[in-house]
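To start, the structure under review is shown below, and the notes come after it.
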Amino acid sequence: MSAGAEILRLDRVRKSFGNVHALKNASMVLREGEVVALLGDNGAGKSTLIKAISGVHPFDGGEIHVRGQRASIRNARDAMDLGIETIHQDTSLAPDLSIARNLFLGREPVTLPWLGVFAPLDFTALRQAATVLLKRVGISKKLDADVLVNTLSGGERQSIAISRAMQFAAKLIILDEPTNNLGVEETHGVLRFVREVRAAGHGVLFITHNIHHVFQVADRVVVMRRGEVVAERNVVDTDLLSVEALIMGVDASTLAKDTAAH
Amino acid sequence: MTVLIQPFDKPASRWRGLAGSPQIASLVILAIVLVGFSLARPAFLSPLNISNMMAFLPELGIIALGMTLLLTAGEFDLSVGATFALGPVIVMLLAQNGVVDIGTALAIGLLVCIAIGAINGLIVTKIGISSFLVTLSMLMIVRGVALYITQGFPLKSWDQPGVFVTLLADSFELGPWRLYTSLWWFIALTALAAYILNFSKLGNWISAIGSNRNAAVARGVPADAVKIGLFIVTSVLAGLAGMISAFRISAASPVAGTGYELEVIAMVVVGGTALTGGRGTILGTIVGAVMLRAIRNGIVLVGVPGLAFNIFVGAIILVMLILHAFIQKRSFRR
């Protein structure tokens with residue numbers, strides 16, 4: 001699993017909400033063809049970190065480098081333009097819109113582009129591109145691009161969000177709890193996607209509470225505690241208990257004794 | 001991953017899909033209402049009665065177009081009835097006191113409407129107060145201003161012919177019917193609104209914002225700007241409708257349009273637009289506008305006592321909404 005060129009480098013980034021220092025001093029690196037799991041207990045600052053990378057709210061300080069270039073991300077559009085696509089927890093799709101309209105939301109193909117936001121959608125291009133995309137990511141040939149998203153299952157929705165990210169992301173895909181509320185089969189579908197994304201040379205950063213998934217797809221874990229990155233491990237060099245110990249900030253041997261006692 | 005979606009390949013299921021859409025259901029009910037009134041009282045179809053309905057229809061219908069777009073984006077506006085009154089009141093006050101000419105007065109009136117919409121939109125999006133509370137307060141402020149600057153008395157409207165009167169409130173004969181130019185405004189604005197909602201990039205954004213605002217924002221859609229724009233459009237259309245009405249009846253009353261906000265919202269939701277946002281239909285709104293107008297007119301014609309009249313209007317609206325709820329449930333179960 002040789003990692004490629006550097007995609008994202010965060011250097012001592014900070015973020016506060018009033019008096020709450022959600023991110024104090026977080027630094028990390030992510031490379032091409034690499035799956036990094038971002039771990040940490042509730043309130044560790046994981047969501048704040050990825051929301052800042054995806055432009056939902058900007059960092060207060062520190063530096064972001066994307067593909068070696070100093071970057072500034074002030075909104076979702078900036079992040080997308082830098083090739084960073086984020087699949088937010090439960091909020092990625094508009095349920096009342098068709099699959100095709102969702103896939104191209106914010107990047108609609110239009111005819112007469114000089115009309116700006118009033119430009120007519122290019123429905124032929126929209127439907128064709130959506131059909132190609134749905135086939136390419138291997139969801140199902142039967143899934144019609146005109147079907148409304150609110151008729152789909154959770155797993156299907158997640159697949160569509162991921163395939164959209166694959167379509168547009170030049171380099172980095174961020175997933176916030178991608179397997180939350182999914183069934184076993186759907187979860188495997190999502191993990192398979194993550195591997196496909198890595199095989200295609202994209203970088204993946206994902207948040208999860210399910211440490212088993214980490215060992216199934218991740219190359220590296222980054223552990224956060226109280227707004228700081230406190231540890232990094234290659235998955236091949238560590239084990240489940242050690243990672244849990246890192247998340248809780250306790251000694252792995254204590255945790256082992258604890259577990260054995262039960 | 002298993003797929004539970006059934007392709008719509010059988011003609012029978014496509015037919016059912018069509019009948020199950022809220023717009024078509026509304027259209028069917030409208031047809032029943034129109035046929036029912038015509039049978040009960042042939043005078044319902046008389047040229048005079050139709051002309052009468054057509055004079056009123058565009059005024060509420062124009063506001064309903066803006067309200068449809070706003071509701072689809074997940075917000076609504078209770079201040080439209082008051083704006084309907086304040087717009088023309090300002091125009092008449094300025095023009096009749098000779099402060100400015102009528103053209104400038106109309107422009108200033110519309111600017112005030114833009115300001116009302118912008119304030120509504122800014123408070124809702126930037127401060128994050130629900131549009132119900134913001135526009136309810138705005139209703140009182142705007143109505144209060146209209147009453148205060150007129151001292152409560154209706155103003156005599158502009159009665160000198162001119163290009164603006166012709167544009168807004170001229171009437172003409174078409175066969176046996178007497179129609180107003182406002183009908184052209186209504187048709188043109190309907191076409192524009194339908195185009196925007198169904199075929200344009202902006203329409204995709206409007207539906208997405210109402211359906212899941214966070215998802216839209218995460219895709220780089222400027223949700224706040226779109227909502228502010230729609231609040232402005234709704235206020236301007238309400239003011240324009242008020243001016244059309246004032247020119248038509250040659251009077252600008254500070255209490256004009258009282259209760260229009262609820263009537264307009266009723267038209268929009270009866271047509272099948274979701275009150276919760278995400279799903280909007282201009283065709284449905286037209287059906288809703290015609291239906292409410294026809295019901296108000298028809299109920300009087302068939303001889304329901306004046307005071308009992310609102311009972312029927314309310315009951316018919318309720319039936320429509322129950323019907324939509326059933327259609328909605330069935331389409332999810334499929």
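Protein chains get the first letters and strands the later ones, always in sequence-line order, with residue 1 at the start of each.
Highest contact tally toward chain B, considering only A:Leu121, A:Asn75, A:Leu112, A:Asn102, is held by A:Leu121 [criterion: heavy-atom pairs under 4.5 Å]. Contact count versus chain A (heavy atoms, under 4.5 Å) is highest, among B:Leu202, B:Ile209, B:Asn204, B:Val217, for B:Asn204. Taking A:Pro120, A:Ala161, A:Gly116, A:Gly106 one by one and counting their heavy-atom pairs under 4.5 Å with chain B, the maximum is reached by A:Pro120. Chain A forms the most heavy-atom pairs under 4.5 Å with one residue out of B:Gly277, B:Gly220, B:Ser211, B:Gly203, and that residue is B:Ser211.
In this structure, A:Lys15 pairs ionically with A:Asp60, as a charged nitrogen and a carboxylate oxygen lie closer than 4.0 Å.
If you look at A:His57 and A:Phe17, their ring centroids are closer than 6.0 Å.
Residue A:Val56: no heavy atom, backbone or side chain, is found under 4.5 Å from chain B.
In this structure, A:Arg164 contributes its side chain and A:Ser92 its backbone to a donor-acceptor pair below 3.5 Å.
Every salt bridge (charged side-chain N to carboxylate O under 4.0 Å, His left out) that B:Glu59 has, sequence neighbours left out, goes to B:Arg248.
Cation-pi geometry between B:Lys227 and B:Phe231 is not satisfied (NZ or CZ under 6.0 Å from the ring centre, within 45° of the ring normal).
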